[in-house]
Peer 1: 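My questions will all concern the structure given below.
On a predicted model such as this, the values are computed, not experimentally measured, just so you know.
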Amino acid sequence: MRLRTGVARIVMRRGLTSRESLGRAGLALLVAGLGVLAASILLSRLDLGTEALKLCLQIAMAVAAGALFLAALSTRRISMDRQQIAESELRFRRAMEDSAIGIVVVGLDGRIRQTNPAFAAMLGYTSEEIETLTFFQITHPDDQQIGRETMDDLKAGTVNSFHFEKRYLRKDGTPVWAHLAGSVIRDETSGRPLYLVSQIENIDARKQAEARIAEAETRWNFALAGAGQASGTSTCARAARPIPRPGSRCWAMRMASSMATPTAG
């Protein structure tokens with residue numbers, strides 16, 4: 001069953017409030033009805049004057065009218081709450097479905113409770129397929145530890161939000177880099193963690209570009225080092241001194257060359 005995130009909390013809270021309001025209105029109606037009934041029975045047995053009888057009837061009718069008024073207010077409030085909840089659910093659903101980045105709701109057991117099309121498409125799944133998995137199953141083995149540590153910290157209450165980079169696994173098994181930013185949703189009364197809500201951005205293209213730049217820099221450094229050594233060797237070969245000055249660069253290169261060349265015999 002899908003777990004609706006922030007809206008779910010509003011629905012549960014307001015649904016409870018609506019039921020309580022309805023219960024109070026019903027109790028008020030019951031009390032009013034019993035009051036009218038008791039007044040009718042009591043007045044029929046007592047020898048009261050006309051004025052007293054009229055006053056008692058007025059009081060009974062006022063109580064009944066007040067109960068009806070409270071019931072009408074409660075009914076109107078329930079109708080307004082339901083309308084606001086429906087609007088909130090619609091806004092949340094549209095924001096989640098239309099988001100360009102991934103949004104996922106994860107239970108404390110690691111199971112994916114709900115996701116949006118952007119996250120499912122990023123990993124090559126449908127929403128129905130991915131919601132049968134755990135986040136451990138779609139996380140690269142080398143990056144699972146950071147997820148476990150984050151989950152433990154959230155459960156312990158030491159952190160309430162998180163953000164880090166990690167690799168997911170697509171449906172075909174290829175890795176994809178992503179940046180996560182999320183928070184834990186807690187019960188308002190007890191503070192107990194309920195589930196995690198994460199926003200997930202695909203940064204695989206950026207990571208690949210960084211890797212290509214790092215590789216190019218490494219090759220360039222090797223090329224520079226090789227060019228520098230060749231230039232130094234040529235300079236020393238052209239040196240006028242038959243024996244280079246001790247401590248000079250040419251002297252060090254000649255010593256290194258002699259040590260690397262095996263002697264005869």
Side-chain angles (χ1 to χ4, degrees), residues 1-13 88-89 91-215:
M1 180 180 64
R2 291 192 173 192
L3 180 61
R4 295 168 293 188
T5 54
V7 174
R9 299 166 63 210
I10 298 174
V11 171
M12 289 187 291
R13 184 175 67 251
S88 298
E89 287 180 327
R91 286 194 298 268
F92 172 77
R93 189 179 300 112
R94 288 297 302 272
M96 186 169 183
E97 295 295 324
D98 297 341
S99 175
I101 65 174
I103 300 177
V104 61
V105 181
V106 179
L108 299 182
D109 56 356
R111 186 164 297 279
I112 298 172
R113 302 292 186 86
Q114 186 178 0
T115 186
N116 68 337
F119 181 66
M122 186 178 80
L123 300 185
Y125 291 94
T126 65
S127 296
E128 290 74 16
E129 288 175 333
I130 204 168
E131 288 173 9
T132 63
L133 305 174
T134 67
F135 83 90
F136 298 110
Q137 292 175 287
I138 60 174
T139 298
H140 192 282
D142 294 341
D143 295 338
Q144 288 190 5
Q145 186 60 30
I146 186 173
R148 296 181 188 275
E149 292 175 353
T150 301
M151 183 73 76
D152 292 340
D153 291 339
L154 292 170
K155 289 180 180 179
T158 55
V159 297
N160 289 316
S161 61
F162 55 91
H163 60 90
F164 54 86
E165 296 177 354
K166 77 170 192 177
R167 286 164 291 181
Y168 283 100
L169 293 177
R170 294 189 178 97
K171 188 176 181 179
D172 61 6
T174 58
V176 54
W177 277 97
H179 178 266
L180 283 77
S183 59
V184 59
I185 304 301
R186 300 182 181 275
D187 183 84
E188 292 184 348
T189 304
S190 64
R192 180 176 59 88
L194 300 176
Y195 47 85
L196 314 179
V197 180
S198 300
Q199 293 181 326
I200 304 170
E201 180 183 4
N202 188 337
I203 59 171
D204 198 58
R206 191 195 80 193
K207 284 291 188 178
Q208 291 183 10
E210 291 175 352
R212 287 193 295 267
I213 292 173
E215 182 180 1

Peer 1: Minimum heavy-atom separation for Thr174 to Asp172, with atom names?
Peer 2: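 Result for this residue pair: OG1-OD1, 2.7 Å.
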Peer 1: Are any of the side-chain nitrogens in Asp143 or Arg167 under 4.0 Å away from the carboxylate oxygens of its partner?
Peer 2: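 Looking at Arg167 together with Asp143, the answer is yes, because their closest N to O distance falls below 4.0 Å.
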Peer 1: Can you name the nearest heavy-atom pair linking Met122 to Ala178, along with the distance?
Peer 2: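 Closest heavy-atom pair between Met122 and Ala178: CE-CB, 4.3 Å.
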Peer 1: Roughly how far, to the nearest 0.5 Å, is CD of Gln199 from CD1 of Ile101?
Peer 2: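 Answer rounded to 0.5 Å: 4.5 Å.
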Peer 1: Please give me the minimum heavy-atom distance between Pro141 and Leu169, naming the atom from each residue.
Peer 2: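 So the minimum-distance heavy-atom pair works out to CD-CD1, 4.2 Å.
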Peer 1: Report the C-alpha separation of Asn160 and Ser183 in whole Å, then their side-chain angles, then the decisive distance to 0.1 Å, and conclude whether the side chain to side chain contact (heavy atoms under 4.5 Å, CB included) test is met.
Peer 2: CA-CA 6 Å; Asn160 289 316; Ser183 59; 5.9 Å; no
Peer 1: Return the minimal non-hydrogen interatomic distance between Ile138 and Leu123, and the atom names on each side.
Peer 2: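 In terms of heavy atoms, the two residues are closest at CD1-CD1, 3.9 Å.
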Peer 1: Tell me whether Gln137 contacts the main-chain N or O of Thr134 through its side chain, where contact means a donor paired with an acceptor under 3.5 Å.
Peer 2: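 Checked: pair present.
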Peer 1: Assess the residue pair Ile146 and Met151 against the criterion (side chain to side chain contact (heavy atoms under 4.5 Å, CB included)); give the C-alpha distance rounded to whole Å, side-chain angles, the decisive distance to 0.1 Å, and a yes or no.
Peer 2: CA-CA 9 Å; Ile146 186 173; Met151 183 73 76; over 6 Å; no
Peer 1: Does the cation-pi check pass for Lys166 over Tyr168, that is, NZ or CZ under 6.0 Å from the six-membered ring centre and within 45° of its axis?
Peer 2: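 Yes, Lys166 and Tyr168 form such a contact.
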Peer 1: Hey, mind stepping through Ile200 and Ile103 against side chain to side chain contact (heavy atoms under 4.5 Å, CB included) and telling me if it holds?
Peer 2: CA-CA 6 Å; Ile200 304 170; Ile103 300 177; over 6 Å; no
Peer 1: Does the distance from a Lys or Arg side-chain N to an Asp or Glu carboxylate O, for Arg111 and Glu131, drop under 4.0 Å?
Peer 2: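 Salt bridge absent between Arg111 and Glu131.
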Peer 1: Going by heavy atoms in the side chains, are Tyr125 and Leu133 under 4.5 Å from each other?
Peer 2: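 Result yes, sub-4.5 Å side-chain heavy-atom pair found.
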Peer 1: So do Ser198 and Phe162 actually touch side chain to side chain, heavy atoms under 4.5 Å?
Peer 2: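 When only atoms from C-beta onward are counted, Ser198 and Phe162 do touch, with a gap below 4.5 Å.
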Peer 1: Is it the case that the side chain of Thr158 and the backbone of Asp153 share a donor-acceptor pair, with hydrogens and angles ignored and the cut-off at 3.5 Å?
Peer 2: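 The answer is yes, because a donor-acceptor pair under 3.5 Å joins these two groups.
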Peer 1: According to side chain to side chain donor-acceptor pair (under 3.5 Å), who are the partners of Asp142, at least two apart in sequence or on a separate chain?
Peer 2: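 Expected list: none.
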Peer 1: Which heavy atom in Ala118 sits nearest to a heavy atom in Ala100, and how many Å separate them?
Peer 2: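 Distance-wise, the nearest heavy atoms are CB-O, 3.9 Å.
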Peer 1: Taking Glu165 first and then Arg206, would you say they form a salt bridge - that is, a charged N and a carboxylate O separated by under 4.0 Å?
Peer 2: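 Result for this pair is yes, salt bridge flagged.
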Peer 1: For the side chain of Asn116 and the backbone of Phe119, is there at least one donor-acceptor N/O pair under 3.5 Å apart?
Peer 2: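 Yes; judged by distance alone, with no hydrogens or angles, the pair exists.
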Peer 1: Identify whether NZ of Lys or CZ of Arg in Arg148 sits under 6.0 Å from the centre of the six-membered ring of Phe136 and within 45° of that ring's axis.
Peer 2: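 Pair Arg148/Phe136 counts as cation-pi.
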Peer 1: Would Tyr195 and Leu108 count as a side chain to side chain contact (heavy atoms under 4.5 Å, CB included) if you check the C-alpha gap in whole Å, the side-chain angles of each, and the deciding distance to 0.1 Å?
Peer 2: CA-CA 6 Å; Tyr195 47 85; Leu108 299 182; 5.6 Å; no
Peer 1: Do Glu129 and Lys171 touch side chain to side chain, with heavy atoms closer than 4.5 Å?
Peer 2: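 Of all side-chain heavy-atom pairs linking Lys171 with Glu129, at least one is under 4.5 Å.
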Peer 1: Specify the closest pair of heavy atoms between Pro175 and His140, including all atoms of both residues, with the distance to one decimal.
Peer 2: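 The answer is CB-CD2, 4.0 Å.
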Peer 1: Counting only heavy atoms not in His163, do more than 12 sit closer than 6.0 Å to its NE2 atom?
Peer 2: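 No, the 6.0 Å shell around NE2 holds no more than 12 heavy atoms from other groups.
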Peer 1: Quick one, Ile112 and Val104 - any side-chain contact, counting heavy atoms below 4.5 Å?
Peer 2: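 In contact.
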Peer 1: Determine the sole option in Leu194, Val197, Leu154, Val159 for which the side-chain contact (heavy atoms from CB on, under 4.5 Å) test with Val184 is passed.
Peer 2: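 The side-chain contact (heavy atoms from CB on, under 4.5 Å) with Val184 is passed solely by Leu154 among Leu194, Val197, Leu154, Val159.
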